[in-house]
2 protein chains.
Amino acid sequence: MAERGRPRGFDRDAALDAATKLFWCKGYSATSIADLCAAMGIVSPSLYAAFGSKEALYAEAIGHYVKNYDAPIWGRLDATGKSARTSIEDWLMASAAILPATDRPGGCMVTLSAVGDDKTSELCDLLVQGRAESLRRIEARLDRAAAEGELSATLDLKGIARFYVGVHQGMSVQARDGATRADLEAMARSAMAAWDSLTGTKVSSS
Amino acid sequence: MAERGRPRGFDRDAALDAATKLFWCKGYSATSIADLCAAMGIVSPSLYAAFGSKEALYAEAIGHYVKNYDAPIWGRLDATGKSARTSIEDWLMASAAILPATDRPGGCMVTLSAVGDDKTSELCDLLVQGRAESLRRIEARLDRAAAEGELSATLDLKGIARFYVGVHQGMSVQARDGATRADLEAMARSAMAAWDSLTGTKVSSS
DNA sequence: TCCTTTTTGTGTTGATCGATACAGAAATAG
DNA sequence: CTATTTCTGTATCGATCAACACAAAAAGGA
């Protein structure tokens, strides 16, 4: 089943990856179509033919980021045979290793896009939902631990999840500011130092 | 000592406050001069006469934010007669109370501007320095505690400071996403749950 | 070969960007 | 009063914004 018409002269996925990294670095508003064309190695009609619009390209870039850069980290969370504590520690330590990587923009794209940039509120929702998803995943892992008897069901699991997601978000901000892997690993260990207290007999909030 | 020429027809500080809130909400790149003029209630020649340029106005807005919105929170940190632990807890709890305030944009302007937005690297530096200053303040408070004998001098005080600043940054991101005061207070308490472990006999790293 | 389909490159669209020129208005100084 | 100084409002500057028209180019189907 061959394709009709003139074949595309560039690798769509490679171009999307280049666009993703540019949006990741500069944010939505500060990135122009001309910037994108230069980074992707194509001209604007090709960009519009392949991706539709700047907004649509950004939405695809977020999906590309989640699938190719974010998902591997989350894999650490749901591995079987590990306690919730170990899973979350692994997730934070893996993040500490990759957030300051020099072969890509620092920090988490979804977290750091939390900020400022206006965005058509459709894109803004996409990002808010992405961050809410992080919270849901951690909470789900804690719920599973409660169901399996590792944690007490009377704990404020949502609050604990929010705390660890918050630490992860802080790690992203500091990675963007130049924190090293060792710096971020120390943050991860510090957060884990609260685990016993948070999951102990103490009631969540007073 | 009266002023020569026609007097300015608007309150410069009130206009700066309006500009600050707009930049705080939308970020630098997504905020246009037209947006600013509308929010400040002036026309563009008045804006340029009073503030010079968009970049200069943004730099002044950051200063206005730090002085009028951020400083009150930091006052909690250096109050006398309190332990470092209580000071940091107060700082986090005060932040939890004010970050989700509905009479202003959510989250910390300096933290949330960490992101994306290109900025002439001069403005970017301004923000990076602002965030570095937060780290320095917390670290200075811990150093003082070590000098006063509250904490052991062998601890990784910089790492502890980085952890609490990171939690604060995570609180800003979540405040922007709609977290409530109670949500943020729970995060603050969770972070404080690590205090004993972080400041105990345990060696900082490895 | 000729037709259809799709992409590519050139050139351009109206809108908006940040920033000003200029003239009139409103104050002080003499 | 007149002269000077400074701000306000209109109108606009060239540059850039996101997006596209159009024709040449490159493929398959007939």
Side-chain angles (χ1 to χ4, degrees), chain A residues 1-16 18-20 22-23 25-62 113 116-124 126, chain B residues 1-16 18-20 22-23 25-62 113 116-124 126:
Chain A
M1 182 59 186
E3 324 230 351
R4 293 287 299 270
R6 177 174 174 172
R8 181 177 285 133
F10 61 95
D11 181 337
R12 191 181 189 280
D13 204 62
L16 177 56
T20 300
L22 200 60
F23 278 132
C25 276
K26 305 180 58 171
Y28 178 78
S29 297
T31 305
S32 70
I33 297 292
D35 290 336
L36 290 163
C37 288
M40 300 164 84
I42 61 178
V43 291
S44 66
S46 297
L47 187 155
Y48 283 95
F51 299 100
S53 69
K54 185 182 177 185
E55 282 190 30
L57 173 57
Y58 186 78
E60 254 195 84
I62 293 293
S113 301
D117 261 342
D118 202 8
K119 306 195 190 62
T120 317
S121 87
E122 194 173 322
L123 294 180
C124 192
L126 192 68
Chain B
M1 182 60 185
E3 324 232 350
R4 292 286 297 270
R6 177 174 174 174
R8 182 176 285 130
F10 61 96
D11 181 338
R12 190 181 190 280
D13 204 63
L16 177 57
T20 299
L22 201 59
F23 278 132
C25 276
K26 305 180 59 172
Y28 179 78
S29 297
T31 305
S32 71
I33 297 291
D35 290 336
L36 290 164
C37 287
M40 300 163 85
I42 61 179
V43 291
S44 64
S46 298
L47 187 156
Y48 282 94
F51 300 100
S53 69
K54 185 184 177 184
E55 281 190 30
L57 174 57
Y58 187 77
E60 254 195 86
I62 293 294
S113 301
D117 261 341
D118 201 8
K119 307 195 190 64
T120 316
S121 86
E122 195 173 323
L123 295 179
C124 193
L126 191 70

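Numbered from 1 within each chain, the chains take letters A, B, ... in sequence-line order. All heavy atoms count here, side chains included; hydrogens, waters and symmetry mates do not.
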In whole Å, what is the span from the [atom1] atom of [X] to the [atom2] atom of [N]?
{"X": "A/R4", "N": "D/dG29", "atom1": "CZ", "atom2": "P", "value": "6 Å"}
{"X": "B/M40", "N": "D/dG9", "atom1": "CE", "atom2": "P", "value": "14 Å"}
{"X": "B/I42", "N": "D/dT10", "atom1": "CD1", "atom2": "P", "value": "14 Å"}
{"X": "A/F51", "N": "C/dT6", "atom1": "CZ", "atom2": "P", "value": "18 Å"}
{"X": "B/K26", "N": "C/dC17", "atom1": "NZ", "atom2": "C1'", "value": "13 Å"}

What pairs with [X] under salt bridge (Lys or Arg N to Asp or Glu O under 4.0 Å), at least two apart in sequence or on another chain?
{"X": "B/R6", "result": "none"}
{"X": "B/D35", "result": "B/K26"}
{"X": "A/R8", "result": "none"}

Exercise. Which of parallel (below 30°), tilted (30 to 60°) and perpendicular (above 60°) describes B/Y58 and B/F23?
Worked result: perpendicular
For this session: Sugar-phosphate atoms are those with a prime plus P, OP1 and OP2; base atoms are the rest. Using that split, label each nucleotide of nucleotides 15-23 of chain D B, S or - for protein heavy atoms under 4.0 Å, 5' to 3'.
Result: --SSBBB--
Euclidean distance, [Y] [atom2] relative to [X] [atom1], rounded to 0.5 Å:
{"X": "A/L57", "Y": "A/E55", "atom1": "CG", "atom2": "CD", "answer": "11.0 Å"}
{"X": "B/L36", "Y": "B/K54", "atom1": "CG", "atom2": "NZ", "answer": "7.0 Å"}
{"X": "A/L47", "Y": "A/F10", "atom1": "CG", "atom2": "CZ", "answer": "7.5 Å"}

Exercise. Does a nitrogen or oxygen in the side chain of A/S46 sit under 4.0 Å from OP1 or OP2 of C/dT8?
Worked result: yes
Problem set entry | Of the listed nucleotides D/dT8, D/dT5, C/dT8, the one nearest the side chain of A/V43 |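 From the listed options, C/dT8 comes nearest.
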Exercise. Looking at residues 5-15 of chain B, who's got a heavy atom less than 4.0 Å off DNA chain D?
Worked result: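 Per residue number, the list reads B/G5, B/R6, B/P7, B/R8, B/G9, B/F10.
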For this session: Please collect all side-chain hydrogen bond (donor to acceptor under 3.5 Å, both in side chains) contacts where either partner lies in residues 41-52 of chain B, sequence neighbours excluded, each pair once.
Result: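 Matches after skipping sequence neighbours: none remain.
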